[in-house]
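A quick note: this is a predicted structure, and the numbers were derived from the prediction, not measured. Convention: sequence-line order gives letters A, B, ...; per-chain numbering from 1.
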Amino acid sequence: LTRDFAEAEYAVQECFVRGLRRFDLHSGDDMKPWLLGILRYFCKVELRPRGKALAPPESDRNEDPASAPELVAPTAAQVTSLCRCDARRVRRLIAELPEEFREPIVLRDIIQLSYRDIARVLGMSTDTLLSQLASARSELRARLRIGKQAAP
Amino acid sequence: MNCSQTEILIHALLDNELDAGHPIDVEAHLSACAACSEELAA
């Protein structure tokens, strides 16, 4: 939501403070989607209008082809390292997605909320979420393919 | 169920988030449609 570590920390602290202050409004369901709703509102309505443009996500410095490990009979440690490299790349591509695609992917594939909870956090119907998530994953897959084709 | 509906519902199927009844519809379409089966495999 912020693409800035310090601002993200501030937003999370503020979210917990507000959550504690308004705990009487919590209905007793799972707390995670409720807190994420507060966090999202704070970032979108209060943090962003302060004028700071979203910074582009940090580039993945480990993608330098010169530093890539050789793909000959990789050891288990090398396989783990390659998986980490791929995971970093996927995370960077997710961070670069437009917000309407990034949010459902982060909430489902990283935070692992249920569709019902994601729809509640994002304020949309589950049918809209389904279609949004499908479009978001298609876009991410297309960007992954482009990245692989561009790689030497 | 058509291909565009299935394309969307494949994600819910993979996430185990399809309502009762829908998995059968999606799987029936997948078994009859090569394009959607490829989409699922991808």
Query raised in the report: Should the heavy atoms of other residues, nucleotides or ligands under 6.0 Å from CZ of R91(A) be counted, would the total exceed 12?
Result: no
Report summary line: Heavy-atom nearest pair, A134(A) first then I8(B), reads CB-CA, 4.0 Å
Query raised in the report: Taking 4.0 angstrom as the limit, do R108(A) and E17(B) come out as a salt bridge?
Result: yes
Report summary line: Rounded to the nearest 0.5 angstrom, the OG-CD distance for S135(A) and E7(B) is 8.5 Å
Query - Under 4.5 Å from a heavy atom of chain B, the part of T126(A) involved - result: neither
Query - N16(B) atom CG, over 12 foreign heavy atoms within 6.0 Å - result: no
Report task. Answer yes if V17(A) and I38(A) sit in the same cluster of Ile, Leu, Val, Met, Phe, Trp and Tyr residues linked by side chain heavy atoms under 4.5 Å apart, and no otherwise. Result -> no
Report task. Determine, step by step, whether D15(B) and L133(A) satisfy the side-chain contact (heavy atoms from CB on, under 4.5 Å) criterion, reporting the C-alpha distance in whole Å, the side-chain angles of both residues, the deciding distance to 0.1 Å, and the verdict. Result -> CA-CA 11 Å; D15(B) 288 335; L133(A) 191 58; 3.9 Å; yes
